[in-house]
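This report concerns only the one structure given below.
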Amino acid sequence: MPAERSSGTTRRLRGDAAGIAEAARLLARGDLVAFPTETVYGLGADATDAAAVARIFAAKERPRFNPLIAHLPDAATARAEGDFDAAASRLADAFWPGPLTLVVPAHARTSVCDLARAGLASLALRVPASALAQDLLARVGRPIAAPSANRSGRVSPTSAAHVLGDLDGRVAAVLDGGATPVGLESTVIACLGGPPRLLRPGGVPREAIRAVLGSDLLDAEADAAERPVGPGLLASHYAPRAQVRLDAERIEPGEAALLFGPDHLPGLAEARAVTNLSPQADPAEAAARLFAALRDLDASGASVIAVARVPMSGLGEAINDRLRRAAAPR
């Protein structure tokens, strides 16, 4: 099928039975469809079809060495694609369906194409908790590769409007399921022999994973960004157009301010725009609002977004990971 198949105006499908059926039809014929999970909107393509997967890379302008997550409707279909050791099995039992991605050795008989796996002997698998996503995946009946539905490196989308802002005319349709409740990508853990390794913090906090495994996780290796074995490992990622300044203790004139908690920073009165992720200092609320807040502040036209300190506990680790990548040199 030609690469320009999804050109033109992107359709906005309702998240009802008719919309799900149409989205499944489009995916089955090789088109790109953005759809909501509980984390963010994913840009879906048939993971068994290399031509369809190639359209994801073209639409996102994404480096081909960065592997994609294959989404499945349930744990049984996910286990049919990869080899699960004892740790991977415990994590799948505890957190699927949910915001956890497991990177495991690929079965020799895996249906996920080589391009979606970035040529690796491993693959990334997830079973989302969203009922809408589960219905769509079950109807398609194939693994669906679905990175975040945005241009590569930009802020991840938590609504259909965000998807259209980045990808209108580049994809066939977006299935509108409203705002995503978690608002932060999945936690990614590699179970590839030896102790499990945390590749990307996300919607399942490290503390919850530690409680299931009975031990702590190793962190991603220092060179993970050079050739990632999982998604979300590029040094510069989730980036707005404005520069991001972390751990701000005051706001300089004309900067946009991203706050956390009840305390106000000096200079706030001269900020170009202000958003508080959570006045109550609730990490879950902050995670759900993070990407939308970055987009809103970026739209203010400020050249710098100054970010107040966010504690590292719980989901704070994942929030700080996204902010650090947003602030990385480009």
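All values below were derived from every heavy atom in this structure, side-chain atoms included, with hydrogens, water molecules and symmetry-related copies excluded.
- Counting non-hydrogen atoms of neighbouring residues, nucleotides and ligands closer than 6.0 angstrom, the CZ atom of R241 reaches no more than 12 such neighbours.
- Residues D219 and R206 are paired through a salt bridge, judged by an N-O separation under 4.0 Å between the basic side chain and the carboxylate.
- A 4.5 Å side-chain heavy-atom check between V127 and P73 finds every atom pair outside the cut-off.
- In this structure, the side chains of R126 and L72 stay at 4.5 Å or more apart for every pair of heavy atoms.
- With salt bridges taken as basic N to acidic carboxylate O contacts below 4.0 Å, none links E255 and R272.
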Practice problem: Decide yes or no on side-chain hydrogen bond (donor to acceptor under 3.5 Å, both in side chains) for T158 and R289, but give the supporting numbers first. | Solution: CA-CA 9 Å; T158 56; R289 298 187 63 194; over 6 Å; no
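- For the atom pair CG of D83 and OG of S89, the computed distance is 10.0 Å after rounding to the nearest 0.5 Å.
- Taking each heavy atom of L184 and F291 in turn, the nearest pair found is CA-CE1, 4.2 Å.
- Listed for the R117 side chain is a donor-acceptor partner under 3.5 Å among the backbone atoms of V112.
- Grouping the Ile, Leu, Val, Met, Phe, Trp and Tyr side chains by contacts below 4.5 angstrom, directly or via other members, places W96 with L213.
- Sparse packing is recorded around CD of E249, with 12 or fewer heavy atoms of other residues, nucleotides or ligands lying under 6.0 Å away.
- Ion pairing between a basic and an acidic side chain is recognised when a charged N comes within 4.0 Å of a carboxylate O; R324 and D321 show such pairing.
- Other residues, nucleotides and ligands place no more than 12 heavy atoms under 6.0 Å from the CZ atom of R14.
- Of the charged side-chain nitrogens involved, at least one lies within less than 4.0 Å of a carboxylate oxygen, so that E22 and R11 count as a salt-bridged pair.
- Criterion: ILVMFWY side-chain heavy atoms under 4.5 Å apart, direct or through other members. Under it, L43 and L175 are not part of a common hydrophobic cluster.
- Atom CZ of R154 sits about 5.0 Å away from atom CG of D166, to the nearest 0.5 Å.
- Salt-bridge formation is detected for the pair R210/D216: a Lys NZ or Arg NE/NH1/NH2 atom is positioned less than 4.0 Å from an Asp or Glu carboxylate oxygen.
- Note on D31 versus R170: no salt bridge recorded, every NZ/NE/NH1/NH2 to OD/OE distance being 4.0 Å or above.
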Quiz prompt | Residue pair S152, E61: steps toward the side-chain hydrogen bond (donor to acceptor under 3.5 Å, both in side chains) verdict | solution = CA-CA 6 Å; S152 186; E61 301 173 1; over 6 Å; no
Quiz prompt | Stepwise side-chain hydrogen bond (donor to acceptor under 3.5 Å, both in side chains) test for R200 and T101 | solution = CA-CA 9 Å; R200 180 181 74 184; T101 294; 4.9 Å; no
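- Ion pair E252/R250 flagged as a salt bridge, since at least one NZ, NE, NH1 or NH2 atom sits closer than 4.0 Å to an Asp/Glu carboxylate oxygen.
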